[in-house]
There are 2 protein chains.
Amino acid sequence: MLMHITSVSVPHPHSLCELGIPTETNPIVSLSQLTYRKCNKIYGEKEPADYVYQVKSGAVRSYKLLRDGRRQIGAFYVSGDIFGLENGSLHRSTAEAVVDTTVRLIRRQNLDVISGSDGALAKHLLRMTTSNLKHAEDHMLLLGRKTSIERVAAFILEMDERLTDAGILALPMSRRDIADYLGLKLETVSRALSHLRKLGILGFIGATHRQIVLLDRQQLAGFDRQN
Amino acid sequence: MLMHITSVSVPHPHSLCELGIPTETNPIVSLSQLTYRKCNKIYGEKEPADYVYQVKSGAVRSYKLLRDGRRQIGAFYVSGDIFGLENGSLHRSTAEAVVDTTVRLIRRQNLDVISGSDGALAKHLLRMTTSNLKHAEDHMLLLGRKTSIERVAAFILEMDERLTDAGILALPMSRRDIADYLGLKLETVSRALSHLRKLGILGFIGATHRQIVLLDRQQLAGFDRQN
DNA sequence: CGCGAGTTTGAAGAAATTCAAACGATGTGG
DNA sequence: CCACATCGTTTGAATTTCTTCAAACTCGCG
């Protein structure tokens, strides 16, 4: 029997790349790791959380949506980061590949079994969850109390720490992603970045402007009044 | 030797009640529980986290400050809530009594010992941390993407669930506290509440306007476009 | 070469903030 | 008991910040 598709609604075309790519995941399987194409969903909100993931290469965004499509990205995950660790059986956010991304998989079930007997692993899980919590707490301060320039400065500094490619930040995500992470609009992010460039704090490389040179970390840090 | 006090700086008088009360905690000790006076500090950011706390009565705010005094309250804790559970050895936030508050104390050290041997407790700690994480994730969505009315509506609904005093919400916290929780200014919170009152969704009781009647939960929920 | 996707930039608009004043309710001292 | 200062809240008007709408720009790619 054929499914009758009454309307192909695309309620939230946050990034046009989402439109050109099948919405269902189409991962390339290889042992206990998967490769997701750019913009493919890794898991969705309220789906069963059967696996925990570790980024091998690429980048992942984790987000929540409001019914009208407003999106808040809670975190980006890059090489080495572990994500998808929920404690209930359901995912609380959606995770998508920002660019082509390979992840390692761990069956959650295995974790449960082990953590029942092995206190060390239980502690490890706790430590990971706590580090996510710390990130969320810092991010609440950013979202609730920082200005647009401070948010963008903090973002560049965060990415600089996590994406160390020797002087040049190769951002995998679009301005829209950054905006949805920082609680701003993409134009506001763009303006803030331009402003920092005019001040000689940042430099852009390439056409896409996804490669950023941090020319003056000191001065940039001055824009983020810290926590 | 006397400390030479060059200036008595009071950098962040967020609430005037803070000024009239000793800044150091002066808890009333009684077995394994403490009572803190209104506005007293329970612990400070970066202080050693030797205890975990459970609210017996009263209310607690947990917050972070920017250097210039901007404050983001990450959570309120009311009767029954557990807080102060950090995984590192230092607190990541400051906790203060919103009103006179009694808390139960658990030595953190004890937890560590037990969680080493007892998988059940380890899981319990993990579950509590995860529930804090879930709250933080939801709050990031609020802070990053909701309008002032949506934030205030969400706040009232949250408090209605947690402060169930039969129809009347007796808010322990000031407008400023609410504002710092919602990433707004106190005037904005006041305007939003007035707006909801004019719509017949809320009613105020008493002079202080800290008692709120939820007249139409349905309609209020309509203001919070949910996650 | 021209189209598409992502980014930048400008101008107008909306939302929240800032500054200011007024309003009870409360508590104090005369 | 009343006058008065204080505190938290509300309300108004002006201002700032961010957003919205629109257009232009750049580079990659067919």
Side-chain angles (χ1 to χ4, degrees), chain A residues 13-21 38-39 68-71 98-99 142-152 170-198 202-212 223, chain B residues 13-21 38-39 68-72 98-99 142-153 170-198 202-212 223:
Chain A
H14 277 111
S15 180
L16 286 181
C17 73
E18 293 175 20
L19 299 175
I21 285 174
K38 184 182 178 188
C39 292
D68 61 5
R70 279 172 287 174
R71 181 179 67 162
V98 174
V99 290
L142 178 148
L143 293 171
R145 285 296 171 231
K146 292 187 183 177
T147 66
S148 61
I149 299 255
E150 291 167 350
R151 293 180 202 208
V152 170
L171 298 178
M173 69 290 284
S174 69
R175 297 290 188 261
R176 180 183 290 277
D177 283 338
I178 299 172
D180 284 354
Y181 179 58
L182 299 179
L184 300 169
K185 295 291 156 177
L186 78 172
E187 296 95 328
T188 308
V189 171
S190 180
R191 282 183 234 277
L193 287 171
S194 296
H195 185 60
L196 293 171
R197 180 170 48 76
K198 277 167 201 145
L202 298 182
F204 295 165
I205 295 180
T208 69
H209 282 195
R210 298 252 183 123
Q211 287 165 280
I212 293 184
F223 274 93
Chain B
H14 278 111
S15 179
L16 286 182
C17 73
E18 294 175 18
L19 298 175
I21 283 173
K38 183 182 179 189
C39 292
D68 61 4
R70 281 173 285 174
R71 182 179 67 161
Q72 179 61 44
V98 174
V99 291
L142 178 147
L143 293 171
R145 286 295 172 233
K146 291 188 182 176
T147 65
S148 61
I149 300 251
E150 290 167 352
R151 293 180 202 208
V152 170
L171 298 177
M173 69 290 285
S174 69
R175 297 291 187 261
R176 180 184 292 278
D177 283 338
I178 299 172
D180 284 353
Y181 179 59
L182 299 179
L184 300 169
K185 295 290 157 180
L186 78 172
E187 296 96 328
T188 308
V189 171
S190 180
R191 282 182 233 277
L193 287 170
S194 296
H195 185 60
L196 292 170
R197 180 170 48 75
K198 276 169 202 143
L202 299 181
F204 295 164
I205 296 179
T208 69
H209 282 195
R210 298 251 184 125
Q211 288 165 280
I212 293 185
F223 274 93

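Each chain gets a letter, A, B and so on, in the order its sequence line appears, and its residues count up from 1.
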Chemist: Is A:S174 near enough to C:dG6 that one of its side-chain N or O atoms lies under 4.0 angstrom from OP1 or OP2?
Modeler: no
Chemist: Which part of the nucleic acid, if any, lies within contact of B:R151, taking any heavy atom under 4.0 Å across all strands shown: a base, the sugar-phosphate backbone alone, or nothing?
Modeler: nothing
Chemist: For a quick test of reading the model, state the closest non-hydrogen atom pair linking B:T147 to B:E150 and the distance between them.
Modeler: N-OE1, 2.9 Å
Chemist: Round to a whole Å and report the spacing from CZ of B:F204 to P of C:dG24.
Modeler: 15 Å
Chemist: In this structure, how many angstroms lie between the P atom of C:dT7 and the CD1 atom of A:I178, rounded?
Modeler: 7 Å
Chemist: Is B:Q72 close to A:L143 at the side-chain level, that is, under 4.5 Å between some pair of heavy atoms?
Modeler: no
Chemist: A:L184 near the nucleic acid: base, sugar-phosphate alone, or nothing, with a heavy-atom cut-off under 4.0 Å?
Modeler: sugar-phosphate
Chemist: Taking all non-hydrogen atoms of both residues into account, name the closest pair between B:F204 and B:S194 and its distance.
Modeler: CZ-N, 4.5 Å
Chemist: With A:T208, which residues qualify under side chain to side chain contact (heavy atoms under 4.5 Å, CB included), at least two apart?
Modeler: A:R210
Chemist: Can we say A:E187 and A:R176 salt-bridge, meaning some charged N sits less than 4.0 Å from an Asp/Glu carboxylate O?
Modeler: no
Chemist: Taking only side-chain N and O atoms of B:R176, does any of them lie within less than 4.0 angstrom of OP1 or OP2 on D:dG8?
Modeler: no
Chemist: With a 4.5 Å heavy-atom cut-off, do B:L186 and B:I178 have their side chains touching?
Modeler: no
Chemist: Step by step, work out the side chain to side chain contact (heavy atoms under 4.5 Å, CB included) result for A:D177 and A:S174.
Modeler: CA-CA 5 Å; A:D177 283 338; A:S174 69; 3.6 Å; yes
Chemist: Starting at CZ of B:R175 and ending at P of D:dG8, how long is that distance when rounded to a whole Å?
Modeler: 12 Å
Chemist: How many Å lie between CD on A:E150 and C1' on D:dC18, as a whole number?
Modeler: 14 Å
Chemist: Identify which nucleotide among D:dT11, D:dC18, D:dT10 has an atom closest to any side-chain atom of A:T147, counting heavy atoms from C-beta outward.
Modeler: D:dC18
Chemist: Report each atom pair, protein N/O against N/O of nucleotides 26-30 of chain D, whose distance is under 3.5 angstrom.
Modeler:
none

Chemist: Atom NE2 of A:H195 and atom P of D:dT17: how far apart are they, to the nearest Å?
Modeler: 11 Å
Chemist: In this structure, how many angstroms lie between the C1' atom of D:dT20 and the CZ atom of A:R70, rounded?
Modeler: 15 Å
Chemist: Pull out every protein N or O sitting under 3.5 Å from an N or O of nucleotides 18-22 of chain C, one pair per line with the distance.
Modeler:
unit_1	atom_1	unit_2	atom_2	d
C:dT18	OP2	B:K185	NZ	3.3
C:dT18	O4	B:R191	NH2	2.8
C:dC19	N4	B:E187	OE2	3.2

Chemist: Looking at the side chain of A:S190, which of C:dT9, D:dC18, D:dT10 is the nearest nucleotide?
Modeler: C:dT9
Chemist: For B:R70, is there an ion pair with B:D68 - N to carboxylate O distance below 4.0 angstrom?
Modeler: yes
Chemist: Residues two or more places apart in sequence or in another chain: which of them pass side chain to side chain donor-acceptor pair (under 3.5 Å) with A:R145?
Modeler: B:D180
Chemist: Return the set of residues passing salt bridge (Lys or Arg N to Asp or Glu O under 4.0 Å) with B:R191 (not counting sequence neighbours), or none when no residue passes.
Modeler: none
Chemist: From CG of A:L182 over to P of D:dT17, roughly how many Å is that when rounded to an integer?
Modeler: 18 Å
Chemist: Between the two ends of the helix from C:dC1-D:dG30 to C:dG30-D:dC1, what is the bend in degrees, rounded to 10 degrees, where each end axis spans five pairs?
Modeler: 10°
Chemist: Rounded to the nearest 0.5 Å, what separation is found between the CD atom of B:Q211 and the CG atom of B:L171?
Modeler: 9.0 Å
Chemist: List the atom of A:A192, the atom of A:S148, and the distance in Å for their closest heavy-atom pair.
Modeler: CB-O, 4.4 Å
Chemist: Between B:R145 (CZ) and C:dA15 (P), how many Å, whole number?
Modeler: 15 Å
